[in-house]
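Working notes, beginning with the structure itself.
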Amino acid sequence: FSSSLSGCFSSDELITEKFGIPGGLVLACLNSSQYKELVIEVDYEENQKPTPETLELMVERIESVCQKEKVTYELFLTNFNHEGSWDNDEIRLKGRETRDANAMNDNQLRFHFMFPSGKHVEENVLGVAVDASTVMIFVDRIKESENFIQRPSWENIESSVTIHELGHLLGLVNLVY
């Protein structure tokens, strides 16, 4: 065992992780000794609310891979007070400003998903994970991605992009352990 894994196997120790990197909280997700619940905080602007199917699919995917007694989501209608394109630094800052509680809060592990109006500075980006617990999904860009026969529909694209970004938080890419 390396010292970087200390705390991963005992409920008496804190889990040491890389919070600023997507996937950095994967051990906290996989281990239920310290964080019994996982809460998905969803902040959205008017006309950007994720579909119920997207929300339920996030819960289902987390329940299938994370050892948590309870997985829930909380919805907040939010005014992001932002115009134009978003860059990753603005996303990180807005995530800190709008999040209801810290990522590691008492017995809760919290992921923060934001659904603002607007687009990413990189034209083809539909969603982005900017740190270990923060994601932004660009519904406006997703709706533009739907083709004229609506296959796949923008709702299906939204679900796919959201689950893809959730995968980054769950350590399926950018592994840090």
Side-chain angles (χ1 to χ4, degrees), residues 1-9 14-44 50-74 86-89 91-92 94-96 99 101-105 107-116 119-139 141-142 145 152-177:
F1 291 88
S2 76
S3 62
S4 65
L5 292 178
S6 66
C8 298
F9 303 102
L14 293 176
I15 297 173
T16 303
E17 304 205 39
K18 300 179 182 179
F19 307 116
I21 301 171
L25 292 175
V26 67
L27 296 176
C29 181
L30 295 174
N31 184 327
S32 64
S33 65
Q34 190 171 357
Y35 301 102
K36 308 276 186 219
E37 299 178 22
L38 194 145
V39 177
I40 308 161
E41 178 181 332
V42 179
D43 291 332
Y44 65 94
T51 65
E53 293 79 14
T54 295
L55 297 169
E56 291 304 319
L57 190 56
M58 277 199 296
V59 169
E60 178 185 309
R61 291 296 192 263
I62 290 171
E63 287 176 335
S64 73
V65 296
C66 294
Q67 295 180 1
K68 299 296 169 217
E69 292 175 8
K70 186 176 175 184
V71 178
T72 59
Y73 59 85
E74 299 171 348
W86 292 85
D87 66 34
N88 290 349
D89 289 331
I91 296 168
R92 279 185 205 93
K94 194 55 72 173
R96 287 184 210 115
R99 118 177 292 143
N102 290 328
M104 299 169 94
N105 185 47
N107 72 336
Q108 292 181 338
L109 183 62
R110 297 180 67 91
F111 289 161
H112 187 204
F113 279 72
M114 297 178 286
F115 292 74
K119 301 171 184 171
H120 194 271
V121 293
E122 293 182 33
E123 188 173 318
N124 294 325
V125 171
L126 303 178
V128 62
V130 294
D131 63 31
S133 65
T134 308
V135 167
M136 189 170 275
I137 305 295
F138 301 99
V139 177
R141 179 66 76 196
I142 288 171
S145 298
S153 68
W154 74 264
E155 295 93 343
N156 287 341
I157 297 169
E158 176 192 90
S159 290
S160 297
V161 170
T162 303
I163 297 308
H164 173 89
E165 297 307 327
L166 174 63
H168 289 291
L169 300 186
L170 296 176
L172 298 178
V173 295
N174 303 327
L175 298 176
V176 297
Y177 52 91

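Throughout, residue positions are numbered sequentially from 1 according to the sequence presented.
Distance NZ/Lys119 to CZ/Phe138: 11.0 Å, rounded to 0.5 Å. The CD1 atom of Ile40 sits 6.5 Å away from atom CZ of Phe113, with the distance rounded to the nearest 0.5 Å. With rounding to the nearest 0.5 Å, the separation of OG1 in Thr162 from CD1 in Ile157 is 11.5 Å. Within the model, atoms NE2 of His112 and CD of Glu74 stand 10.5 Å from one another, a figure rounded to the nearest 0.5 Å.
Between Lys68 and Glu37 there is no salt bridge, since no side-chain N of the basic residue sits under 4.0 Å from a carboxylate O of the acidic one.
You'll find the side chain of Val130 stays beyond 4.5 Å of the side chain of Val135, heavy atoms only. A 4.5 Å side-chain heavy-atom check between Phe111 and Ile62 finds at least one atom pair inside the cut-off. Using a 4.5 Å heavy-atom threshold, the side chains of Leu109 and Leu25 count as touching. Counting only heavy atoms from C-beta outward, the side chains of Trp86 and Met136 approach each other to under 4.5 Å. Looking at heavy atoms from C-beta onward, Tyr35 lies out of side-chain contact with Asn107 at the 4.5 angstrom threshold.
Of the possible donor and acceptor atoms, one in the side chain of Glu158 sits under 3.5 Å from a partner among the backbone N and O of Thr51. Proximity of a side-chain donor or acceptor of Asp131 to a complementary backbone N or O of Ser133 within less than 3.5 Å is detected. Proximity of a side-chain donor or acceptor of Thr54 to a complementary backbone N or O of Pro50 within less than 3.5 Å is not detected. Between the side chain of Arg141 and the backbone N or O of Glu123, at least one donor-acceptor pair lies under 3.5 Å. Counting only distance, with no hydrogens or angles, the side chain of Lys70 and the backbone of Lys36 share no donor-acceptor pair below 3.5 Å.
Taking every heavy atom of both residues into account, Leu55 and Val42 meet most closely at CD2-CG2, 3.9 Å. Across every non-hydrogen atom of Ala101 and Glu41, the tightest pair is N-OE1, 3.9 Å. Of all the heavy atoms in Leu169 and Ala132, the pair that sits closest is CD2-O, 3.5 Å. Annotation for Ser159 and Leu57: closest pair CB-CD2, 4.2 Å, computed over non-hydrogen atoms. Shortest non-hydrogen contact noted between Val128 and Ile91 is CG1-CD1, 3.6 Å. Taking every heavy atom of both residues into account, Leu38 and Cys66 meet most closely at CD1-SG, 4.5 Å.
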Thr72 and Val59: side chain to side chain contact (heavy atoms under 4.5 Å, CB included), yes or no, with the steps? CA-CA 7 Å; Thr72 59; Val59 169; over 6 Å; no
Evaluate Arg110 against Asn102 for side chain to side chain contact (heavy atoms under 4.5 Å, CB included), listing each step before the verdict. CA-CA 7 Å; Arg110 297 180 67 91; Asn102 290 328; over 6 Å; no
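Not a single side-chain hydrogen bond (donor to acceptor under 3.5 Å, both in side chains) links Asn124 to another residue, sequence neighbours left out. Glu56 pairs by the side chain to side chain contact (heavy atoms under 4.5 Å, CB included) definition with Tyr73, not counting sequence neighbours.
One side chain, His120 or Asn88, offers a donor N or O that lies under 3.5 Å from an acceptor on the other.
Of the listed residues (Met114, Arg92, Glu165), just one forms a side chain to side chain contact (heavy atoms under 4.5 Å, CB included) with Thr134, and that residue is Met114.
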